[in-house]
Amino acid sequence: MAARKSADKKPSKSNTSKEELLDHYREMLLIRRFEEKAGQLYGMGLIGGFCHLYIGQEAVVVGLEAAAEEGDKRITSYRDHGHMLASGMDPKGVMAELTGREDGYSKGKGGSMHMFSTEKHFYGGHGIVGAQVPIGTGLAFADKYKDNGRVTFTYFGDGAANQGQVYESFNMASLWQLPVIYVVENNQYAMGTSMQRSSSTPDIYKRGEAFAIPGEAVDGMDVLAVKEAGLRATEHCRAGDGPYILEMKTYRYRGHSMSDPAKYRTREEVQKVREERDAIEHVRELLLQGKHASEDELKAIDKDIKNVVNDAAEFAKNSPEPAVEELWTDIYA
Amino acid sequence: MATEVLMPALSPTMEEGTLAKWLVKEGDEVASGDILAEIETDKATMEFEAVDEGIIGKILIDEGTEGVKVNTPIAVMVEDGESVDDIAAPAANEDDAKDSAPKETDRPDGDKAPAQPTRQSAPPETDIPEGTDMRSTTVREALRDAMAEEMRADDTVFLMGEEVAEYQGAYKVSQGLLDEFGARRVIDTPITEHGFTGLAAGAAMGGLRPIVEFMTFNFAMQAMDQIINTVAKTRYMSGGQMSCPIVFRGPNGAAARVAAQHSQDYAAWYAHVPGLHVVMPYSASDAKGLLKTAIRGDNPVIFLENELLYGQSFDVPEMDDYTVPFGKARIWREGEDVTIVSFGIGMKYALEAADALAEDGITAEVIDLRTLRPLDYDTVLNSVKKTNRCITVEEGWPVASIGNHLSATIMERAFDYLDAPVINLTGKDVPLPYAANLEKLALVTTKEVIEAARAVTYR
Ligand SMILES: Cc1ncc(C[n+]2csc(CCOP(=O)(O)OP(=O)(O)O)c2C)c(N)n1
Ligand SMILES: [Mg+2]
């Protein structure tokens, strides 16, 4: 077992097909436009409470979903809209949950942080930092128990990586060789606390070493690098070799939630990442340079996606509030 | 096509804000992500970004304007080539947000915006010397002042928690403390509640007096074992040799639409535990006086605050050393017909109900318990003996609630005085839903208090 750092290696782009690149482009753009719209609806008071946007981190879920197979599971924190869209959940149902309406995935009862889909094997949507990590480990336990060849993608943040239950999970996952991929979405901040101010050592991917879990750091802004790392990890898990850690070096462009005064980082820092490392821009360039798509074709895709998102927003505005009886349902079987 | 830029809601509790500064001017071209303006919310100054690209056609609200309601058009954006002169009256808003948005009055906090400080005064405490000046202070400031005063007085007192130092507190309660006391005494922790709670227990055994801020009490569940099994029991288990004088404080209870995992009232949970003191203030003066008592005391204290109350203003006495003792309820208003017992944000509903009842000639005696452990039974019992009726109001769940405990006590000790069964008003027996309409139904309301008061007075 060895921790390695694949962020340094250039991912091979030669064997990536045009269709694949276009798919990545579409999926990432869908997440971004969806999140921008969610931000807008929040500003208008149509979405309330906490709302954590995924803008900037799109390549992580899109790349890993490209490495997933039907039946694989995923679980994450409250910053979950991107994961749901990438897993194939309906933007309309997600947006309607954000507005707290009847047609939302949780009938309006869960909200932004708490959505689930049995059909898409999406296990939430968790508000307590770190709590999804043992749960994801348990999903993998069930898969191993059933011997069904499935893996579970368990996503958590750099801040969550300091919760004790993460390491309790690592130990059990390694001890019992569970098919779980721990995906650390290291966007460098936990609310206003940078990695350096919260973590004694900088490399989260190495934290499995003590438990004999291999890990690697990945450029989480490069969807192709993410996908390749995802394939290595799933292969490892499916071969019965136990858990795997992927530390995705990524960045969140927006505030932690909607009410974030953002005094902990400079405007320039954000701008620099947006300009130099943006995941969508990167694929856009590959498409144009490789002559896989013309500006006009990409514009048409943009337009399609805007329509999908606008439709979702319209749907979410017009869906009725849940019936008052719903207050008392779904508490017991 | 011209689009209006609307005053955004930038926090779960924001209903209006100050348009502090425009960072663009009319005619400027903006891209998505550019900062348009700085807006002051109830919690902080925030940058407001453009969502779409376009040109600033017209600025409708001048910078420096206060009290701009969420959703008010503040500017108009036009597309390239469009003339600013083409803009019709800003009423041409093609967005139907206003129609389909849940109505303002549907908000769980009712018609009173929590961000809008309302000035309220309680009857003076007997121990405030006559002629003492009173200063209108928010609960948020009162808590900070209490910590600062105690930290000045005792070097062993320190504050730790997530985002308490550099960020100035997730809810800005610790504003300025890092500047005054430095990083040795105001400490940002990693997100590791069980760990730092245990660490605080050890630090307390080692002679320090930690104040531990939980970003919200929902996250204290991660630390429940250390709180109950170590902190509450150390004095007893060590035969009195050592103890854990820690103050655990932070917001508790529902805020505004933050859903099931972030909206719970833990008053009854902690009140169950021998070895803990449990405090839940309503007013700013109580918040200050009780927090000072908590920090000085030799027992562990669970200090339950409320996000919706942070911005509310109350009169606080200007005294060098204002403390409020534990175990002493405060009678907010005297009455003859019914006793309403509450604490924390429940007091808001109790007092509003008392106002409404007074108009109909029913006088309610409203008691704020202030501390749940120790609990001032005598004040409640004496009142019930006078009014012969009692209702209790709290936000937590109904089973094994504080109200249940009070009812039992009243039955045991004042049975013959009762002219009606005691009614316990609580949150509904459900996890808190996100949907605006359901959330409102799940929480206790002023209307329910009024109805209960009518029921026990048979009026
Ligand atoms: C146990 C717990 N403690 C604190 C919080 C409050 N909180 C919510 S998100 C967050 C920061 C988490 O940062 P990170 O894990 O890096 O994820 P990111 O938000 O960057 O995606 C904090 C402190 C919480 N929800 N749960
Ligand atoms: Mg993070």
Side-chain angles (χ1 to χ4, degrees), chain A residues 36-37 39-46 48-50 97 99-102 104 106-114 126-131 159-160 162-165 190-193 197-199 253-255 257-264 267 271 274 317-318 321-322 324 326-328 331, chain B residues 6-12 14 32-33 35 41 43-49 51-52 70-71 95-98 100-102 104 107 162-163 166-167 170 188-195 218-219 221-222 255-262 428-431 433-439 441-442:
Chain A
E36 285 168 354
K37 183 59 86 178
Q40 249 174 335
L41 296 188
Y42 192 97
M44 299 191 304
L46 280 158
F50 293 132
E97 189 60 40
T99 53
R101 306 301 172 90
E102 177 183 281
S106 302
K107 306 177 198 166
K109 296 199 269 191
S112 161
M113 299 187 285
H114 312 301
H126 297 267
I128 301 302
V129 168
N162 293 317
Q163 283 285 33
Q165 49 187 328
M191 282 187 74
T193 305
R197 296 206 304 116
S198 68
S199 296
Y253 294 178
R254 294 294 188 91
S257 175
M258 301 311 291
S259 49
D260 176 349
K263 294 279 185 288
Y264 50 85
R267 210 47 226 176
Q271 215 41 45
R274 282 186 114 137
K317 286 181 198 171
N318 294 325
E321 290 192 310
V324 296
E326 287 294 346
L327 185 63
W328 298 99
I331 300 167
Chain B
L6 303 179
M7 182 72 168
L10 295 168
S11 89
M14 172 173 170
S32 136
I35 311 167
T41 72
K43 280 192 255 174
T45 302
M46 307 248 317
E47 292 172 340
F48 173 43
E49 292 179 5
V51 190
D52 277 319
V70 165
N71 274 337
D95 219 312
D96 56 347
K98 284 179 206 118
S100 52
E104 208 72 285
R107 294 230 162 178
E162 292 157 19
E163 309 286 1
E166 294 196 8
Y167 199 84
D188 279 326
T189 63
I191 308 169
T192 166
E193 289 84 2
H194 199 205
N218 301 288
F219 315 140
M221 299 262 268
Q222 295 284 319
R257 300 197 62 196
V258 292
Q261 292 187 328
H262 282 78
K428 307 301 177 294
D429 201 12
V430 302
Y434 166 74
N437 64 329
L438 299 186
E439 184 185 56
L441 290 170

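Every chain is numbered from 1, with letters handed out A, B, ... down the list of sequences.
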Against chain B, work out which of [options] has the most heavy-atom pairs shorter than 4.5 Å and name it.
options                                    : result
Ser199(A), Ser198(A), Pro261(A)            : Pro261(A)
Gln163(A), Met258(A), Glu97(A)             : Gln163(A)
Gly255(A), Ala262(A), Gly164(A), Gly110(A) : Gly110(A)
Ile128(A), Val129(A), Val324(A)            : Ile128(A)

State, to 0.1 Å, how close [X] and [Y] come at their nearest heavy-atom pair, and which atoms those are.
X         : Y         : result
Val258(B) : Met113(A) : O-CE, 3.2 Å
Ala259(B) : Tyr434(B) : CB-CB, 4.1 Å
Ala160(A) : Ile191(B) : N-CD1, 4.5 Å
Asp260(A) : Tyr167(B) : OD1-OH, 3.7 Å

Under a 4.5 Å heavy-atom cutoff, which of [options] has the most pairs with chain A?
options                         : result
Met221(B), Glu49(B), Glu47(B)   : Glu49(B)
Pro433(B), Ala435(B), Ala442(B) : Ala435(B)
Glu193(B), Gln222(B), His194(B) : Gln222(B)

Are any non-hydrogen side-chain atoms of [X] and [Y] less than 4.5 angstrom apart?
X         : Y         : value
Gln261(B) : Phe219(B) : no
Glu326(A) : Glu321(A) : no
Glu166(B) : Tyr264(A) : no

Tell me, for [X] versus chain B, whether the close heavy atoms (under 4.5 Å) come from the side chain, the backbone, both or neither.
X         : value
Met191(A) : both
Ile331(A) : side chain
Gln165(A) : side chain
Tyr42(A)  : both

request  = Check step by step if side chain to side chain contact (heavy atoms under 4.5 Å, CB included) holds for Lys109(A) and His114(A).
outcome  = CA-CA 8 Å; Lys109(A) 296 199 269 191; His114(A) 312 301; over 6 Å; no
ask   = Okay, side chain of Lys428(B), backbone of Leu441(B): is any donor-acceptor separation there less than 3.5 Å?
value =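 Such a contact is found between Lys428(B) side chain and Leu441(B) backbone.
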message = Using heavy-atom distances under 4.5 Å, tell me whether Met7(B) contacts chain A through its side chain, its backbone, both, or neither.
response = backbone
Part of Glu162(B) within contact of chain A (heavy atom distance under 4.5 Å) = neither
